[in-house]
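Below you'll find the structure, written out as structure tokens, and then a few comments.
One-based numbering along the sequence shown. Start at 1 and go down the list; that is how both ligands and their atoms are numbered. Computed from heavy atoms alone, side chains included, the values below leave out hydrogens, waters and symmetry copies. What you see is a predicted model; the values in this text were computed from it and never measured.
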Amino acid sequence: MTSGIACYKAVDLMRDLQRAGARVRVVESASAAELVRPALFEALSGEHVGTSLWEGWSHDEEGDYSQFPHLDFARGIDALVVAPATASLLGKAAAGIGDDLLTTTLLAVDPRKTPVVLVPTMNATMYAHPAVVANRAVLRERGYWIVTPDEGPLACGEEGIGRWPGNRSIVAALDRVVNGTTRLEGHRVVVTAGRTEEDVDPARTLTNRASGRMGFALARAAWLQGADVTLIHGPTEVPPPPFVRTVAVRTVAEMSEAVRAALPGAAQLWMAAAVNDWSPESAEHKLKKDEWDGVLQLTRTEDILARAAADRDPTTVLVGFAVETDDILGRARSKLESKGCDYVVVNNPLEEGAGFGHTTNRVALLGRDGAITDFELMSKRELAERLVNHVLDQQSALTTAER
Ligand code: CTP
């Protein structure tokens, strides 16, 4: 970390990275160490914190001193992140200057082999300065990943681009560079997630308990494979993953319209949203209990997936989702056929840890060719990665077979 004013947030970033399973070692520039004392990172990481080429040289259990602290920090790492990265750091990195521990460590890591993520935060005028713009371009060209800062009120009192982008974005950027592939690069993937709401009256809605987690995990999984993801989601409690294009909708009609707009040219549609099958005729005024018979007249909503199957390009792969408690595979198979999709992911909410509201799921994937693949109980995040990979494997096998 360098001495951007956001450097106090680096403490929390380290905690989030640790929570995500990372072992974190910290190198601070001398100025950053003035703002956030190394002792804080040492206490929280249990690791020696590097601040200078000349002091605190590490030594191992035998008492041997490392004469190369910059190499010590650079060796054997999965990724390097500079957060926050000042304009000065970008300039030195672009020029290949190594005049302290941090910049020499940076030089000791080849960004074409080990992912390096830079998180610039600074005053908006500095961020837009031609020298800083040019340095960013040089760094990108050399294989560095740069997380674009957020826009809004800055610590200096001005408004503009230069804010800390948030731990979720930084962790997601690292997730992509460490775990990502290019399998879906150049392809668009559309994912629907969460629930829809149909209005009963101006104060009440008819909805369900879908959390959005499964669809959000699928959007992340497709993004990790390099896809350009459009995530169409209804109201949810959990935030959508960063870096994907989100379209927030509420009703079935809104979701249908968003899918219609996003579908042309898409490689895949994952229809994970729990869409209302029924819609009441919405009352213009609030229904009063004394003046109402308690009966809701419901009509069927449009089936978004079935319509997408009728409209799609032949190359778009469609995946539907089914929730069944009886004759699970039989009903999932007839759903696959009646909707005209290529796959159906089915789960039974009566099973422990499966379905709505859980962070885990246990599903079976049915293919048009009759194949059934069972996935054991696992986190929705891992399951989503497995599902996306599975469908991709099958699609590439098909294309190879056609050749
Ligand atoms: N779906 C849709 N449009 C709807 C309803 C559902 O696109 N109006 C999609 C869902 O996103 C999901 C799949 O269709 O991918 C679920 O099928 P559905 O027939 O709605 O299943 P259930 O709601 O479980 O209905 P059923 O009572 O027939 O089991």
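Between Gln225 and Trp223, the side chains place no donor N or O within less than 3.5 Å of an acceptor N or O (distance only, hydrogens not considered). Using modelled atom types and a 3.5 Å distance limit, the side chains of Glu28 and Thr51 yield no donor-acceptor pair.
Seen from the ring of Phe73, Arg25 counts as a face-on cation partner, given the 6.0 Å and 45° thresholds.
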Item to complete: Report the C-alpha separation of Arg163 and Thr121 in whole Å, then their side-chain angles, then the decisive distance to 0.1 Å, and conclude whether the side chain to side chain donor-acceptor pair (under 3.5 Å) test is met.
Response: CA-CA 5 Å; Arg163 282 166 63 86; Thr121 68; over 6 Å; no
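Remark: aromatic rings of Phe216 and His233 are close, center separation under 6.0 Å.
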Give every donor-acceptor pair under 3.5 Å between a side-chain atom in residues 137-156 and any protein atom, sequence neighbours left out.
{"unit_1": "Arg142", "atom_1": "NH1", "unit_2": "Ala94", "atom_2": "O", "d": "2.7"}

Nitrogen or oxygen contacts under 3.5 Å, ligand 1 side and protein side:
{"unit_1": "ligand 1", "atom_1": "3 (N)", "unit_2": "Ile304", "atom_2": "N", "d": "3.0"}
{"unit_1": "ligand 1", "atom_1": "7 (O)", "unit_2": "Ile304", "atom_2": "N", "d": "3.3"}
{"unit_1": "ligand 1", "atom_1": "7 (O)", "unit_2": "Leu305", "atom_2": "N", "d": "2.8"}
{"unit_1": "ligand 1", "atom_1": "8 (N)", "unit_2": "Thr301", "atom_2": "OG1", "d": "3.2"}
{"unit_1": "ligand 1", "atom_1": "8 (N)", "unit_2": "Glu302", "atom_2": "O", "d": "2.8"}
{"unit_1": "ligand 1", "atom_1": "11 (O)", "unit_2": "Met271", "atom_2": "O", "d": "3.1"}
{"unit_1": "ligand 1", "atom_1": "11 (O)", "unit_2": "Ala273", "atom_2": "O", "d": "2.7"}
{"unit_1": "ligand 1", "atom_1": "14 (O)", "unit_2": "Lys339", "atom_2": "NZ", "d": "2.9"}
{"unit_1": "ligand 1", "atom_1": "15 (O)", "unit_2": "Met271", "atom_2": "O", "d": "2.7"}
{"unit_1": "ligand 1", "atom_1": "15 (O)", "unit_2": "Phe321", "atom_2": "N", "d": "2.8"}
{"unit_1": "ligand 1", "atom_1": "15 (O)", "unit_2": "Phe321", "atom_2": "O", "d": "3.4"}
{"unit_1": "ligand 1", "atom_1": "17 (O)", "unit_2": "Lys339", "atom_2": "NZ", "d": "3.0"}
{"unit_1": "ligand 1", "atom_1": "19 (O)", "unit_2": "Lys339", "atom_2": "NZ", "d": "3.0"}
{"unit_1": "ligand 1", "atom_1": "20 (O)", "unit_2": "Asp277", "atom_2": "OD1", "d": "3.0"}
{"unit_1": "ligand 1", "atom_1": "21 (O)", "unit_2": "Lys335", "atom_2": "NZ", "d": "2.7"}
{"unit_1": "ligand 1", "atom_1": "23 (O)", "unit_2": "Asp277", "atom_2": "OD2", "d": "2.9"}
{"unit_1": "ligand 1", "atom_1": "24 (O)", "unit_2": "Lys335", "atom_2": "NZ", "d": "3.2"}
{"unit_1": "ligand 1", "atom_1": "25 (O)", "unit_2": "Asp277", "atom_2": "OD2", "d": "3.4"}
{"unit_1": "ligand 1", "atom_1": "29 (O)", "unit_2": "Lys335", "atom_2": "NZ", "d": "2.9"}

